[in-house]
Amino acid sequence: MTAKKRNILVTSALPYANGDIHIGHLVEYLQTDIWVRFQKLRGHNCRYFCADDTHGTAITISARKKGITEEEFIAGVSRSHQADFAAFGIEFDNYGSTNSPETRRFCEEIWSAIRKAGLVEEREIKQLYDPVAQTFLADRFVKGTCPKCGRTGQYGDSCDCGAVYSPTDLIDPVSTLSNTTPELRSATHLFVEIERCHEFLEDWVANSGALQPEVVNYLKGQFLSDALWPWDVSRPAPYFGFEIPDSPGNYWYVWFDAPIGYMGSTLQWCRKSGEDVNFWWKNPETEIHHFIGKDICYFHTLFWPAMLKSAGYTLPTKVHIHGFLTVNGEKMSKSRGTFILARTYLNHLNPSYLRYFFATKTSPRVDDLDLNFEEMEARINADLVGNIVNLASRSAKFASVTGLGDTYPEDGGLFRKAADLSEEIAAAYEERDYGKALRYILECGYRANKFFEDAAPWTIRKELEAAGGDANPDAFRRLQDVATVSVNLFRQIIVYLTPILPDLTRQSEELLGCRITSWSDASEPLLGKKIGTYKHMMTRVPKEGIEAMIEETKNLNTPSGAEQPPASSEEAAPASEAAVSDDQWKDSGQPLLDEPMSETITIDDFLKVDLRVGRIVEAEQVAEARKLLKLKISLGGSETRQVFAGIKAAYPEPEKLIGRLVVFVANLQPRKMKFGLSEGMVVASGPGGPDVFLTFPDEGAKPGMRLH
RNA sequence: GGGUCAGUAGCUCAGUCGGUUAGAGCGGGGGACUCAUAAUCCCUAGGUCCGGGGUUCGAGUCCCUGCUGACCUACCA
């Protein structure tokens with residue numbers, strides 16, 4: 001290892017102060033934390049800074065909903081974020097907030113620099129304004145009818161039909177904040193003419209080495225091949241953020257101050273620790289590493305370097321860009337129970353599992369990363385518990401009897417071999433290729449277990465016992481040798497794993513009676529020590545923990561769940577009364593009890609569902625399917641849809657359905673099923689199985705008619 | 001429609017500058033052992049390296065083309 005001590009400043013993207021930390025966030029913070037711990041273990045002067053991203057309209061809205069000020073709101077979120085991070089062992093040197101005097105200081109400095117550089121232009125733009133909520137409306141806060149196809153309930157920027165437009169083009173626009181009609185107002189906005197940095201950016205992107213090759217391609221093809229659009233960095237009051245000093249009534253857009261929050265957080269730490277902020281941000285001898293997700297690549301690879309460059313700050317040494325998290329191969333989903341909050345995870349599973357599993361999946365590429373629970377279980381159980389922790393468990397049992405010898409015994413070159421891997425493993429960590437690092441580390445584990453197996457210390461112990469006490473010093477010596485080797489091989493592995501599993505290191509230190517403070521500890525054997533009694537370091541992944549976590553996530557997200565716990569009982573009460581009421585039909589209240597009413601929706605919500613009268617023109621069994629019938633629904637004219645409906649048990653003779661009219665959900669996203677594409681849904685009631693009852697329109701209805 | 005990336009054993013992946021019989025872990029099958037959290041160790045399973053062309057003495061590895069998938073983008077990030 002080179003003796004040169006590097007200065008390394010590291011950041012993770014600032015989490016937005018508008019929601020809880022979930023496992024998707026953790027992909028980034030865990031991989032950054034691992035990288036930082038690695039650099040520190042290598043003896044470098046490394047600091048990790050982060051902060052909450054606290055500005056913008058969304059924060060104001062959330063605070064209002066709770067009836068508190070924005071400052072109160074973000075303070076609460078910050079506490080919760082930091083608690084979650086700490087529980088996962090993510091250690092920042094400073095965790096700040098963009099709503100801080102330190103961040104404001106840098107905003108002002110950088111702003112005046114880009115003003116001076118002639119990058120700022122003013123322009124009038126027309127925008128929808130909500131007079132009730134007293135705010136200008138971003139695209140996603142306006143809904144209305146698409147000017148092209150006439151669909152209702154579309155967002156301000158685009159329609160499901162594919163049309164793209166500006167919110168001012170919407171017919172009957174409605175503010176989603178107040179449900180009132182917004183008015184058109186014009187306002188002055190400030191734009192950064194980033195195109196003036198085009199040449200610099202092109203060069204930096206291509207030649208700095210700061211970006212992954214696929215990112216370079218992406219930026220070149222997607223942005224740098226054309227003129228760069230001016231960047232709108234201001235928002236008119238009221239806006240929760242910092243007022244622009246030379247443009248009263250205007251505020252910096254949240255994305256202007258977010259990356260500057262990195263600097264603000266650094267300064268905060270500098271003030272506490274007596275360091276010079278310029279040593280970290282204006283120093284060619286200091287490296288700056290940003291870890292971000294691919295969604296915010298644009299801001300960090302174009303705007304941010306342009307801002308830094310204009311203000312004379314150090315450009316990023318490396319922007320480490322990672323992909324998104326999927327769960328069981330799909331996007332995280334609230335209803336499937338895979339939109340898992342950090343806290344929910346912590347309620348059921350050991351954070352080390354996730355640290356380890358994410359590490360196995362981490363590569364320097366921008367690829368998405370999949371969390372498959374079965375795979376996670378298998379890898380933790382096999383790699384960590386079976387291979388590595390088990391090595392400690394089995395060797396410590398003997399080592400605690402014999403202690404470690406004073407000289408390192410002959411081990412067939414195993415210790416040497418693992419020590420020789422030191423730089424390769426380090427290189428893999430450095431490149432953020434933790435999966436590769438772990439492959440090397442696990443090899444050490446296999447070799448160590450094999451050594452232990454071949455040496456068979458349990459048979460040596462039997463020799464000892466047969467001889468009775470100390471009567472066989474040779475056997476004792478051999479037993480001590482085996483223990484010394486295997487404990488040391490274990491310790492090497494633990495040194496290498498320390499960035500990923502700091503808790504496991506702590507437990508190992510206790511067992512070994514010796515701290516692990518440096519990467520080079522892996523190259524020096526530990527000798528002449530007593531070894532403590534082994535205590536379990538890690539248990540296998542509890543299946544029920546995973547299930548309970550998913551269950552809890554589902555409950556957090558269903559209307560009848562934790563948010564409104566009394567809902568079902570309250571609503572059930574009147575239904576029970578109905579059951580005993582004296583109406584002539586004597587209908588039971590049971591169905592309503594079985595499936596309580598959903599929460600209230602607006603007419604717009606309802607209109608989203610396009611219900612049509614359809615005629616079943618074909619109906620057939622799907623031989624291999626347990627529950628499905630294949631239907632062809634005509635909507636009149638030549639319009640037909642193929643549908644797979646789970647009604648086989650209720651309608652065992654599909655040919656009897658042919659010709660009948662049904663109510664049909666016509667705009668449901670098509671779904672690929674095992675037997676083909678299902679392009680909608682027929683409406684039916686009942687609990688399922690044989691008790692499914694299709695809904696038939698009254699006489700006179702024609703295929704294609706919409707239900708209102 | 002344009003772009004980026006990927007497609008290697010049931011699963012997750014490794015395969016450096018093109019070079020000899022394509023690898024690992026998990027899982028499966030068989031065996032051994034008992035120190036250890038049913039963990040460990042040994043043996044084994046045989047995949048047209050997505051398909052098709054081409055370059056080459058030689059291609060999983062380079063070029064072209066097709067297919068499939070993920071993501072981005074579709075004249076406001």
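Heavy atoms only: backbone and side chains are in, while hydrogens, waters and symmetry mates are out.
A:Trp304 meets the side chain to side chain donor-acceptor pair (under 3.5 Å) test with A:His290; sequence neighbours excluded. Residues meeting the side chain to side chain donor-acceptor pair (under 3.5 Å) test with A:Thr103, sequence neighbours left out: A:Ser100. Remark: A:Asn217 pairs with no residue by the side chain to side chain donor-acceptor pair (under 3.5 Å) rule, at least two apart or across chains. Every side chain to side chain donor-acceptor pair (under 3.5 Å) that A:Arg123 has, sequence neighbours left out, goes to A:Glu193. For A:Glu509, the salt bridge (charged side-chain N to carboxylate O under 4.0 Å, His left out) partners are A:Arg515, not counting sequence neighbours. Checked against ring-ring contact (aromatic ring centres under 6.0 Å, His included), A:Trp231 has the following partners two or more places apart in sequence or in another chain: A:Phe303. Every residue two or more places apart in sequence or in another chain was checked for a ring-ring contact (aromatic ring centres under 6.0 Å, His included) with A:His348, and none qualifies. For A:Phe358, the ring-ring contact (aromatic ring centres under 6.0 Å, His included) test picks out no residue, with sequence neighbours left out.
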Protein-nucleic acid N or O pairs under 3.5 Å, nucleotides 4-12 of chain B:
residue, atom, partner, partner atom, Å
B:C5, OP1, A:Asn217, ND2, 3.1
B:U12, O3', A:Lys361, NZ, 3.2
B:U12, O2', A:Glu375, OE2, 3.3

Look for any protein N or O under 3.5 Å of an N or O in nucleotides 29-39 of chain B and output each such pair with its distance, or none.
residue, atom, partner, partner atom, Å
B:C35, O3', A:Lys397, NZ, 3.4
B:C35, O2, A:Arg394, NE, 3.1
B:C35, N3, A:Arg394, NE, 3.4
B:C35, N3, A:Arg394, NH2, 2.6
B:C35, N4, A:Arg394, NH2, 3.0
B:A36, OP1, A:Lys397, NZ, 2.9
B:A36, O2', A:Asn390, OD1, 2.9
B:A36, O2', A:Ser393, OG, 2.8
B:A36, N1, A:Arg394, NH2, 3.3
B:A36, N3, A:Asn390, OD1, 3.3
B:A36, N3, A:Asn390, ND2, 3.3
B:A36, N3, A:Arg394, NE, 3.3
B:U37, N3, A:Met538, O, 2.5
B:U37, O4, A:Tyr534, OH, 3.2
B:U37, O4, A:Met537, N, 3.4
B:U37, O4, A:Met538, N, 3.3
B:U37, O4, A:Met538, O, 2.7
B:A39, OP1, A:Arg540, NH1, 2.8
B:A39, OP1, A:Arg540, NH2, 2.8
B:A39, O5', A:Arg540, NH1, 3.4
B:A39, O2', A:Gly386, O, 3.0
B:A39, O2', A:Asn390, ND2, 3.0

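Counting any heavy atom pair closer than 4.0 Å across all strands shown, A:Phe223 reaches a base atom.
The nearest whole Å value for the distance from the CD atom in A:Glu195 to the P atom in B:C75 is 19 Å. Regarding A:Trp304, its CH2 atom lies at a distance of 18 Å from the C1' atom of B:A77, rounded to whole Å. In this structure, CG of A:Leu489 is placed 17 Å from P of B:U40, rounded to the nearest angstrom. Summarising the geometry, the separation between NZ on A:Lys450 and P on B:G25 is reported as 13 Å, rounded to the nearest angstrom.
Taken residue by residue, residues 429-443 of chain A places heavy atoms nearer than 4.0 Å to RNA chain B at A:Arg439.
Screening residues 195-205 of chain A for salt bridge (Lys or Arg N to Asp or Glu O under 4.0 Å), with sequence neighbours left out, gives A:Glu121-A:Arg196.
The six-membered or imidazole ring of A:Tyr251 lies away from that of A:Phe242, with a centre-to-centre distance of 6.0 Å or more.
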